[in-house]
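Only one structure is covered here, and it is reproduced in the block below.
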Amino acid sequence: MTAPAAAETATSAPYPYRVVSRRVDTYDTVTLELRNDAGPLPPFAAGQFAMLTAYGIGEVPISLSGGGEDGDCLVHTIRSVGAVTRALTGTAPGGTVGVRGPFGTAWDLPDADGGDVVIVAGGIGLAPLRPVVRAALAERSRYGRVSLLIGARTAADLLYEAELREWADAGIDVAVTVDRPDGGWGGNVGVVTSLLPGAEFDPARTVAFLCGPEVMMRFTAQGLLARGVPAGRIKVSLERSMRCGAAWCGHCQLGPLLVCRDGPVVGWDVAEPLLSVREL
Ligand SMILES: Cc1cc2nc3c(=O)[nH]c(=O)nc-3n(C[C@H](O)[C@H](O)[C@H](O)COP(=O)(O)OP(=O)(O)OC[C@H]3O[C@@H](n4cnc5c(N)ncnc54)[C@H](O)[C@@H]3O)c2cc1C
């Protein structure tokens with residue numbers, strides 16, 4: 001069956017997707033694999049997001065953390081923070097979740113062709129970046145050094161631990177730090193920016209991908225700028241409260257941007273002037 005156009009599925013009622021697998025990643029985070037047997041949505045690109053409905057409760061934006069190529073299989077990693085995410089993360093295999101999408105802008109990995117890639121994630125921010133890591137690995141020879149720097153509150157908050165080992169074995173420079181060294185943690189302690197000096201890359205030929213709390217992205221971007229990475233080659237994923245996802249309601253307005261349409265992925269040259277205005 002031919003996939004409908006993105007504009008059509010964005011504004012339609014949610015498409016029912018079946019939960020085919022549910023993996024518990026941490027004490028508050030779950031990865032769901034969703035499948036639409038009736039006919040696919042358009043393809044989702046890394047960096048884009050879906051509006052996921054927990055029927056009878058509500059709808060929230062959640063980024064793609066895997067799948068998406070043909071729109072019939074979507075993978076989402078969801079942290080339970082409130083009513084909707086609690087219901088979504090509690091949905092067992094066989095259950096149904098509503099999906100609208102794809103929405104927003106994508107990470108532009110081809111921009112990094114021939115150069116180095118620096119990926120910096122804070123907490124759940126690793127979820128939207130997972131497809132970037134996997135794409136870089138799939139075409140490893142297209143890039144120079146690929147560094148993945150991860151910050152988590154504690155070791156118990158670390159996502160995708162088994163995959164991190166696989167990625168390191170496959171030639172990605174993986175470095176992890178935690179804010180609080182609970183439970184016998186023997187690794188780095190401190191904020192994720194403390195990992196930047198140890199990352200090797202050629203600033204003039206680097207594209208950086210950042211996702212995490214705004215303050216983390218700000219300090220990371222400043223660190224990268226100080227090393228000489230141009231602002232436009234530092235990509236960040238913005239988060240704002242969203243309702244429609246289709247640039248109608250204005251909930252996610254950030255200055256001249258509607259983050260659901262013009263984001264979430266934007267260059268730091270675009271984000272910085274907007275994020276530095278208080279209460280914009
Ligand atoms: C483009 C985009 C992509 C996202 N991708 C993911 C993802 O891949 N995985 C994931 O787990 N979450 C993601 N989020 C965040 C997710 O949408 C929120 O956690 C969700 O909307 C919370 O809804 P709720 O009803 O469960 O909780 P609510 O009752 O709405 O909120 C519970 C608590 O979480 C806080 N909160 C709510 N929304 C946000 C937010 N957007 N940012 C920070 N704090 C918030 C509230 O202030 C409140 O303290 C994304 C958000 C955006 C805008």
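Quick note: numbers below take in every heavy atom, side chains included, and nothing from hydrogens, waters or symmetry partners. In listed order, ligands and their atoms are each counted from 1.
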| Heavy-atom protein contact below 4.0 Å for atom 18 (C) of ligand 1 | no
| said: Tell me the protein heavy atom at minimum distance from atom 26 (O) of ligand 1, and give that distance in Å. | reply: T85 OG1, 2.5 Å
| message | Please give me the minimum heavy-atom distance between L196 and R227, naming the atom from each residue. | response | O-NH1, 2.9 Å
| message | Please tell me if atom 46 (C) of ligand 1 is touched by the protein, where touching means a protein heavy-atom distance below 4.0 Å. | response | no
| query | Mind checking whether R79 has an N or O less than 3.5 Å away from an N or O of ligand 1? | reply | yes
| For I124, atoms of ligand 1 separated by under 4.0 Å from a heavy atom | 9 (N), 10 (C), 11 (O)
| Verify atom 30 (O) of ligand 1: protein non-hydrogen atom under 4.0 angstrom away | no
| atom 49 (O) of ligand 1 protein-contacted (non-hydrogen atom, under 4.0 angstrom) | no
| remark: Min over G104, P213, G82 of heavy-atom distance to atom 24 (P) of ligand 1 lands on G82
| request: Specify the closest pair of heavy atoms between L137 and A170, including all atoms of both residues, with the distance to one decimal. | output: CD2-CB, 3.5 Å
| task | Give a yes or no on whether Y143 and V229 share a hydrophobic cluster (residues Ile, Leu, Val, Met, Phe, Trp, Tyr; joining criterion: side-chain heavy atoms under 4.5 Å apart). | result | no
| Minimum heavy-atom distance D116-F201, with the two atoms named | OD2-CA, 3.4 Å
| request: Find out whether V97 and T53 are in side-chain contact, i.e. whether some heavy atom of one side chain is under 4.5 Å from a heavy atom of the other. | output: no
| query | Nearest heavy-atom pair of T177 and V189: which atoms, and what distance? | reply | OG1-C, 3.3 Å
| Closest non-hydrogen atom pair between C244 and C249, with its separation | SG-N, 3.4 Å
| Relative to atom 39 (C) of ligand 1, which among E59, R240, E239 owns the nearest non-hydrogen atom? | E239
| remark: Among A50, P61, S65, the residue with a heavy atom nearest to atom 2 (C) of ligand 1 is P61
| note | Candidates V60, L126, V84, V259; heavy atom nearest atom 20 (C) of ligand 1 found on V60
| Which protein heavy atom lies closest to atom 8 (O) of ligand 1, and at what distance to 0.1 Å? | S63 N, 3.2 Å
| query | Does the ring of Y17 carry R35 above it, NZ/CZ under 6.0 angstrom from centre and within 45° of its axis? | reply | no
| task | Using the six-membered ring of Y160, assess whether NZ or CZ of R130 lies under 6.0 Å from its centre and within 45 degrees of the ring axis. | result | yes
| message | Tell me whether atom 13 (C) of ligand 1 lies less than 4.0 Å from at least one protein heavy-atom position. | response | yes
| message | Any nitrogen or oxygen of I62, side chain or backbone, less than 3.5 Å from one on ligand 1? | response | no
| note | Judged by heavy atoms only, the candidate from T77, D28, I78 nearest atom 9 (N) of ligand 1 is T77
| Does G58 come within less than 4.0 angstrom of ligand 1, counting non-hydrogen atoms of the residue? | no
| said: My question is simple, although I want it checked carefully: is atom 33 (C) of ligand 1 less than 4.0 angstrom from any protein heavy atom? | reply: yes
| query | If you round to the nearest 0.5 Å, how far is CG of D157 from OG1 of T29? | reply | 7.5 Å
| Taking atom CG of L149 and atom CG of D173, what is their separation to the nearest 0.5 Å? | 9.0 Å
| remark: among protein heavy atoms, the one nearest atom 37 (C) of ligand 1 is V81 CG2, 4.8 Å
